Amino acid sequence: MKKKLIIGGVVLIILAIGGYLGFQWYLNTHKAESEIIKVEAQEVENKEETSNGVVLNSMVALNGTYISEMTKPVSSEIIFNIGGTTATQGTFKDFLISLEAKDTTKTIYVEIDASSIYTAEDMRDDHLRGEDFFDVAQFPKITFESNNITKGDTSYIANGLIKFMGLESQLSVPFNYLGPSSEDSQLEIFEGKFDFDRVKYGMKGATGTENNVTISFYCALRKQ
């Protein structure tokens, strides 16, 4: 009898481990894929040189208001990647990216609807919207607004204020200006990638080795 109980316990443990691993495999293989249709950019005549000697496409000629569009196929997107045992890739379906350019002053503004998070798994999306993570009922928006744009070693850097989970923090976002669209002179193309510590910036539910999130974005901004 005792031997049967031990064997039964071992079987239950194996089934539990198998179920957990199977569930983790399911989550790790169900992730939001990039849907972006990248626009070919043409070379910019004006150039800028960084302190590292890298020549950048210059934004000096940009003038006016440029705004992202929610189009199909997708022309702008924000993708996040989280590593570790709960590896996740997702995006936000509803956001706005804008560039205000007036003479030598350039300002970038980003607004994200946190409830529009999408990871290709409904149960995970609902969990991420809850109190343990984004808590969208209390913090429906994520915003970033630059107060200055500088040249880094290889790219531009937008330095500004992010409002995330009820906190306001300084954040520097590197990005590249690829130039105007080769097919549509009213579109200007940008992309960037940076690491974001979600706990440092206010997400209390996330702990462990997966705190660091890699954010990448690509946007075609249309002149208004």
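All values reported here derive from a predicted model rather than from experimental measurement. In this chain, residues are counted from 1 in sequence order. Just the heavy atoms: all of them, side chains too, but no hydrogens, waters or symmetry mates, feed the values below.
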Flag the pair R129 and D135 as a salt bridge only when some basic side-chain nitrogen lies within less than 4.0 angstrom of an acidic carboxylate oxygen.
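The answer is no: the pair does not qualify as a salt bridge.
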Any non-hydrogen side-chain atom of [X] less than 4.5 Å from a side-chain atom of [Y]?
X	Y	result
L171	Y201	yes
Y109	E100	no
F217	F194	yes
I108	E145	no
T214	K193	yes
R198	I82	yes
N159	S146	no
K151	I157	no

Among E45, E49, E43, which residue satisfies the salt bridge (Lys or Arg N to Asp or Glu O under 4.0 Å) criterion with K47?
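Among E45, E49, E43, the one meeting salt bridge (Lys or Arg N to Asp or Glu O under 4.0 Å) with K47 is E43.
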With no hydrogens and no angle check, is any side-chain donor or acceptor of [X] less than 3.5 Å from a backbone partner on [Y]?
X	Y	answer
N57	L178	yes
Q170	L161	no
Q42	S181	yes
D197	V199	yes
S76	A220	yes

Can you confirm whether more than 12 heavy atoms, excluding those of D122, are under 6.0 Å from its CG atom?
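Open.
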Are there more than 12 heavy atoms of other residues, nucleotides or ligands under 6.0 Å from atom NZ of K200?
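Atom NZ in K200 is not crowded, with 12 or fewer foreign heavy atoms closer than 6.0 Å.
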Worked check of side-chain contact (heavy atoms from CB on, under 4.5 Å) between Y218 and S75:
CA-CA 8 Å; Y218 177 96; S75 59; over 6 Å; no
Determine whether R222 and D184 satisfy the following criterion, side-chain contact (heavy atoms from CB on, under 4.5 Å), listing intermediate values before the conclusion.
CA-CA 9 Å; R222 181 171 294 281; D184 187 340; 2.9 Å; yes
Residue pair L96, S68: steps toward the side-chain contact (heavy atoms from CB on, under 4.5 Å) verdict:
CA-CA 6 Å; L96 169 73; S68 61; 4.1 Å; yes
Please tell me whether [X] and [Y] are part of a single hydrophobic cluster in this structure, the criterion being side-chain heavy atoms less than 4.5 Å apart.
X	Y	result
L167	F196	no
L56	V173	yes
V213	I79	no
M70	I67	no
F139	I112	yes

Which heavy atom of [X] sits nearest a heavy atom of [Y], and at what distance?
X	Y	result
V60	K106	O-NZ, 4.1 Å
D153	T50	O-OG1, 2.8 Å
V44	P180	CG2-CD, 3.7 Å
I36	V74	CD1-O, 3.5 Å
I215	I78	CG2-CG2, 4.1 Å
E188	S185	OE2-O, 4.1 Å

Before giving the answer on salt bridge (Lys or Arg N to Asp or Glu O under 4.0 Å), spell out for E191 and K38 the whole-Å C-alpha distance, their side-chain angles and the decisive distance to 0.1 Å.
CA-CA 10 Å; E191 67 178 3; K38 291 192 174 183; 3.8 Å; yes
Please check if the distance between the ring centroids of [X] and [Y] is under 6.0 Å.
X	Y	answer
F164	F144	no
F190	Y177	yes
F80	F92	yes

Hey, are S58 and E48 close enough side-chain-wise for a donor-acceptor pair under 3.5 Å?
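There is such a pair (donor and acceptor under 3.5 Å, judged by atom type) between the side chains of E48 and S58.
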Would you give the length of the straight line joining atom [atom1] of [X] to atom [atom2] of [Y], rounded to the nearest 0.5 angstrom?
X	Y	atom1	atom2	result
S182	L187	OG	CG	10.0 Å
L62	L221	CG	CG	9.5 Å
E69	I97	CD	CD1	12.0 Å
L99	Q224	CG	CD	11.0 Å
H127	F134	NE2	CZ	11.5 Å
K163	S169	NZ	OG	11.5 Å

Candidate pair K93 and D113, rule salt bridge (Lys or Arg N to Asp or Glu O under 4.0 Å), full reasoning
CA-CA 8 Å; K93 294 291 190 179; D113 179 353; over 6 Å; no
